[in-house]
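Some notes on the structure that comes next.
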There are 2 protein chains.
Amino acid sequence: MSDGTRWLSRDELVAWMRLQAVIELLPGALDAQLRRDSDLTHYEYLLLAMLSEAPDRVLRMSHLASATNATLPRLSHVVTRLERDGYVRREPDPADRRATLARLTEEGWDKVVASAPGHVHEVRRLVVDALTPEQVTELSTIMLTLVRVLDPANRLYHLDD
Amino acid sequence: MSDGTRWLSRDELVAWMRLQAVIELLPGALDAQLRRDSDLTHYEYLLLAMLSEAPDRVLRMSHLASATNATLPRLSHVVTRLERDGYVRREPDPADRRATLARLTEEGWDKVVASAPGHVHEVRRLVVDALTPEQVTELSTIMLTLVRVLDPANRLYHLDD
DNA sequence: GACGAATGGTTGAAGCAACAACTTCAACGT
DNA sequence: ACGTTGAAGTTGTTGCTTCAACCATTCGTC
């Protein structure tokens, strides 16, 4: 291997493998808690939570898709399921009749309220409470740097500074 | 909401949302590079890489499954595909005839060698080179803490210290 | 103001992952 | 020896994601 590849140093490799392990494990852990306690996938929860914080609890499909890093087809299928379960309603956008609005129903709101505490508790247990306050701050800084590389257009909702 | 839930502070929430964004985006970015340049999924690459570093380039299915955080059924399906492509071969374990060994073929080795530089380059671009050396060290420490919470049994291969 | 291009969204088919049921084999007790 | 229990893998089914094709509406332009 005498090519021009800049391989990782020992320390870099270790850091990368640990990050990789977290990336591998954390989504599954969050998903498991939500499925078990609230019968929602992590993505469904994210979607409902996003709607619950929007003005009037309504967002355009395309906005919702990019904010949650989903393709439009994926979102469409998920919303179809959530609509069948009564958590979300579709309505045409009066301002642009190509567009579709997704609105959180009353049941959807109740679902978010019921699901949030368990989810937050799990986030605390797995991440926030496992770290010192200083580490949380460091983590925040580092992740912001990475988000800027991964999402230059700033599509994702991540409370940028 | 006057329940006993300990909600996240502003700073904690920001840190969490950024981590969440990275977790959401990074796997997709790595997957895209590998599919584009090497026609492999990230998981397939991980599996081949793991085998390439094992003694004699052989591992038991069950060990491979837990080391890559996969269920046994999932691994079995993936190995079937990789076997069809000629990168891996199955053989019975002479020591325990319940067990199956997965062995990297010569073509599999060549595939790893050909794929690694591009993958490493992407890891550098998206993570390592985006951070200062001090941040890489911090990241390593923080991720080790999280891995210990997420994987108490230490099943995953992550170069623990 | 009509036509082509672009945007917003839905649908159906194909591929991959999770779960359950089943098969085979080893280990152990009697 | 014999039967039981548990471990190791494989296979089939179901559900979600991706991809491609498609329809409707709006925008740009002449």
Side-chain angles (χ1 to χ4, degrees), chain A residues 23-36 39-48 58-85 87-103 153 155, chain B residues 23-25 27-36 39-48 58-85 88-103 153 155:
Chain A
I23 283 178
E24 183 69 33
L25 293 168
L26 194 44
L30 295 170
D31 222 60
Q33 183 273 324
L34 283 166
R35 295 186 101 104
R36 175 164 42 78
D39 198 33
L40 288 176
T41 63
H42 187 214
Y43 181 74
E44 288 169 342
Y45 174 82
L46 188 67
L47 198 165
L48 295 178
V58 173
L59 286 175
R60 284 176 62 147
M61 293 290 279
S62 51
H63 177 55
L64 201 46
S66 74
T68 58
N69 190 38
T71 60
L72 220 27
R74 176 184 181 187
L75 178 66
S76 184
H77 286 299
V78 173
V79 167
T80 299
R81 296 199 297 270
L82 292 174
E83 206 172 13
R84 170 175 50 69
D85 295 342
Y87 299 142
V88 168
R89 214 175 25 246
R90 272 189 245 244
E91 24 186 281
D93 185 344
D96 181 344
R97 289 208 315 261
R98 291 173 301 182
T100 304
L101 300 178
R103 178 184 301 276
R155 296 182 312 109
Chain B
I23 282 177
E24 183 69 34
L25 292 169
L30 296 170
D31 223 60
Q33 183 272 324
L34 282 166
R35 295 187 104 103
R36 176 165 42 77
D39 198 33
L40 288 175
T41 63
H42 187 215
Y43 181 75
E44 289 168 343
Y45 175 82
L46 189 67
L47 198 165
L48 295 179
V58 173
L59 286 175
R60 284 177 61 146
M61 294 289 280
S62 51
H63 177 55
L64 201 46
S66 72
T68 57
N69 191 38
T71 60
L72 219 28
R74 177 184 179 189
L75 178 67
S76 183
H77 285 300
V78 173
V79 167
T80 300
R81 295 199 296 271
L82 291 175
E83 207 172 12
R84 172 175 50 68
D85 295 342
V88 169
R89 215 179 20 246
R90 273 189 245 242
E91 24 185 281
D93 186 343
D96 183 341
R97 287 207 315 258
R98 290 174 300 182
T100 304
L101 301 178
R103 179 185 298 278
R155 296 182 312 106

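Residue numbers start from 1 in every chain, and the chains themselves are labelled A, B, ... in the order their sequence lines are given, proteins ahead of strands. When reading the values below, keep in mind they use all heavy atoms of this one structure, side chains included, and skip hydrogens, waters and symmetry mates.
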In whole Å, I'd like the distance from the [atom1] atom of [X] to the [atom2] atom of [N].
X	N	atom1	atom2	value
B/Asp39	C/dG15	CG	C1'	13 Å
B/Asp85	C/dC16	CG	C1'	14 Å
B/Leu59	D/dG9	CG	P	11 Å
B/Asp31	D/dT17	CG	P	15 Å
A/Leu82	C/dT10	CG	P	13 Å
B/Arg74	D/dG9	CZ	C1'	17 Å
A/Leu40	D/dC16	CG	P	12 Å
B/Leu72	C/dC22	CG	P	18 Å

Worksheet item: How do A/Met61 and B/Glu44 order along DNA chain C: which one's closest nucleotide is nearer the 5' end?
Response: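 Between the two, 5'-proximity favours A/Met61.
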Practice prompt. Identify, between A/Leu75 and A/Arg35, the residue whose nearest nucleotide on DNA chain C lies closer to the 5' end.
Written response: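 It is A/Leu75 whose nearest nucleotide is closer to the 5' end.
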Side chain of [X], heavy atoms from C-beta onward: which of [options] has the nearest atom to it?
X	options	value
A/Pro73	D/dT18, C/dA17, D/dG9	D/dT18
B/Ser62	D/dA8, C/dG9, C/dA17	D/dA8
A/Arg81	D/dT17, D/dT11, C/dT10	D/dT17

Item to complete: With side chain to side chain contact (heavy atoms under 4.5 Å, CB included) as the test, would you mind laying out the steps for B/Arg35 and B/Leu40 before giving the verdict?
Response: CA-CA 5 Å; B/Arg35 295 187 104 103; B/Leu40 288 175; over 6 Å; no
Discussion item. Determine whether a donor-acceptor pair (N or O, by modelled atom type, separation under 3.5 Å) exists between the side chain of B/Thr80 and the backbone of B/Ser76.
Written reply: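 At least one qualifying donor-acceptor pair exists.
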Worksheet item: Is a side-chain N or O of A/Asp93 found less than 3.5 angstrom from the main chain of A/Ala95, in a donor-acceptor match?
Response: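 Judged by distance alone, yes, a pair lies under 3.5 Å.
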Worksheet entry | Among B/Thr68, B/Asp31, B/Asn69, the one residue meeting side-chain hydrogen bond (donor to acceptor under 3.5 Å, both in side chains) with B/Tyr43 |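 Exactly one pass, corresponding to B/Thr68.
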Worksheet item: Among residues 89-100 of chain B, which contact DNA chain C at a heavy-atom distance under 4.0 Å?
Response: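 Contacts with DNA chain C under 4.0 Å: B/Asp96, B/Arg97, B/Arg98.
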Fill in: Pair of N/O donor and acceptor under 3.5 Å linking D/dG9 base with B/His77 side chain
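There is none.
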Fill in: Partner of B/Glu83 under salt bridge (Lys or Arg N to Asp or Glu O under 4.0 Å), chosen from B/Arg103, B/Arg90, B/Arg89
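Option passing the salt bridge (Lys or Arg N to Asp or Glu O under 4.0 Å) with B/Glu83: B/Arg90.
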Worksheet item: More than 12 heavy atoms of other residues, nucleotides or ligands under 6.0 Å from CG of B/Asp96: is that the case?
Response: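 Yes - once you tally the heavy atoms of other residues, nucleotides and ligands closer than 6.0 Å, there are more than 12.
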Worksheet item: Are side-chain heavy atoms of A/Glu91 and A/Thr100 found at a separation under 4.5 Å?
Response: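 Not in contact.
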